[in-house]
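Just follow the structure's listing: the first ligand is 1, and inside any ligand the first atom is 1.
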Amino acid sequence: NTAIPDSLTAAAEEIEKLKKTIHYHSHRYYVLDNPEISDAEFDKLLRQLIDLETAYPSLITPDSPSQRVGGAPAGGFARVAHLTPMLSLGNAFSAGELQAFDARVRVSLDGQAVEYVVELKIDGLAMNLVYEHGRLTRGATRGDGVYGEDVSTNIRTIRSVPLVLSETGGIPPLLEVRGEVYLPRREFDRLNTLREAAGEPLMANPRNAAAGSIRQLDPRITAERALDISMHGLGTEEGLGVTTHSAMLEKLQALGFKINPHYRTFDNIDEVAQYCESWAEKRVDLPYDIDGLVIKVNSLAQQRLLGSTAKDPRWAIAYKFPAEQATTILEDIFVR
Ligand SMILES: NC(=O)c1cnc(OC2CCCC2)nc1N
């Protein structure tokens, strides 16, 4: 029973205030995992917003929190060109291969000092988001790296995707930013339990489940899946003003994005290798799957100097854990 103002301007004011408040609390809950208000209070705010927008539909905007729950099913996904193509990653399977990567980097940089940033390699699907003047205007899958599928309506249902960037970050006019969409394992198990009860085929693994959820034509189905996202890279940007990858992660966090907290910087490859190895066992305690770690030259200037081959950057490499081959194959056979 929301009080509906009788003038459009009064309603617009109310709606703007509610949107700002709801974006703030949504960020606290889904990105910082540190809510200030109860779920009931949050739902009440969202209900008020939806009541006002229902009374004044002309005031509904794509970045309204009410758009999180997904609209009518899409007919298909448009093909879109990424502003900057998305690269893939070469792999290293041992400390020795990391040393070889390090040697190549240092030769190409003529012996300059090099710092690496190491991130967990979340096992999900790559996603490309575009923000114009701080508003989310597009979400696209990686596709072939040059063209992807426009899955914007589904992306808006992911609560940890900010629809509007926060002022504290100093908003760049244009920001293309990449991350990994993933399904936390507890949610994956919950969904498979429901499927089992309904006699439907089970999903093979969280990565496939995340990809399937993002490619749903009906965003209301995507909205029912507790997908999450963690940001890890840049495409085209104007005015972000950072010179290292680690500073970029901090800036994205200030803008309201979710960043995986387990990234570290090292100035030598031996400590990088130790850190990677330490996660081979530790990863079982994570609430999501990782299939390795990603090592990146921290300096953006050095990244530019090193450049890329046709598809892989020379400034980054994935350190992959040996796949649990047996279980992976058996798991696929049994759940197919
Ligand atoms: N799955 C991940 O968590 C992840 C994937 N990729 C990258 O960076 C690549 C992207 C293109 C060059 C470096 N970082 C990550 N954290």
What pairs of donor and acceptor atoms, side-chain ones from residues 172-179 against any protein atom, are under 3.5 angstrom apart with sequence neighbours left out?
residue	atom	partner	partner atom	Å
Glu176	OE1	Thr84	N	3.0
Glu176	OE1	Arg178	NH2	3.3
Glu176	OE1	Thr236	N	2.8
Glu176	OE2	Leu83	N	2.8
Glu176	OE2	Asn128	ND2	2.7
Glu176	OE2	Arg178	NH2	3.4
Arg178	NE	Asn128	OD1	2.9
Arg178	NH2	Thr84	O	2.4

| query | Would you say the side-chain atoms of His25 and Glu41 include a donor-acceptor pair closer than 3.5 Å? | reply |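 There is no such pair (donor and acceptor under 3.5 Å, judged by atom type) between the side chains of His25 and Glu41.
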| Going by atom types only, do Glu36 and Tyr24 share a side-chain donor-acceptor pair under 3.5 Å? |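 Glu36 vs Tyr24: donor-acceptor pair found between side chains.
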| field | Sorted by chain and number, the residues that approach ligand 1 to under 4.0 Å with a heavy atom | value |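 Residue list for ligand 1: Leu87, Leu89, Glu119, Leu120, Lys121, Ile122, Glu180, His232, Val294, Lys296, Pro313, Trp315.
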| For Tyr288, all residues meeting side-chain hydrogen bond (donor to acceptor under 3.5 Å, both in side chains), sequence neighbours excluded |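 Partners of Tyr288 under the side-chain hydrogen bond (donor to acceptor under 3.5 Å, both in side chains) test: Asn260.
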| side-chain hydrogen bond (donor to acceptor under 3.5 Å, both in side chains) partners of residues 154-163, not counting sequence neighbours, each pair once |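 The answer is Asn154-Thr222, Ser160-Asp228.
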| task | Determine whether Met86 and Phe77 fall in the same hydrophobic cluster, where Ile, Leu, Val, Met, Phe, Trp and Tyr are linked whenever their side-chain heavy atoms lie under 4.5 Å apart. | result |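 They do not share one cluster, since no chain of ILVMFWY contacts under 4.5 Å joins Met86 to Phe77.
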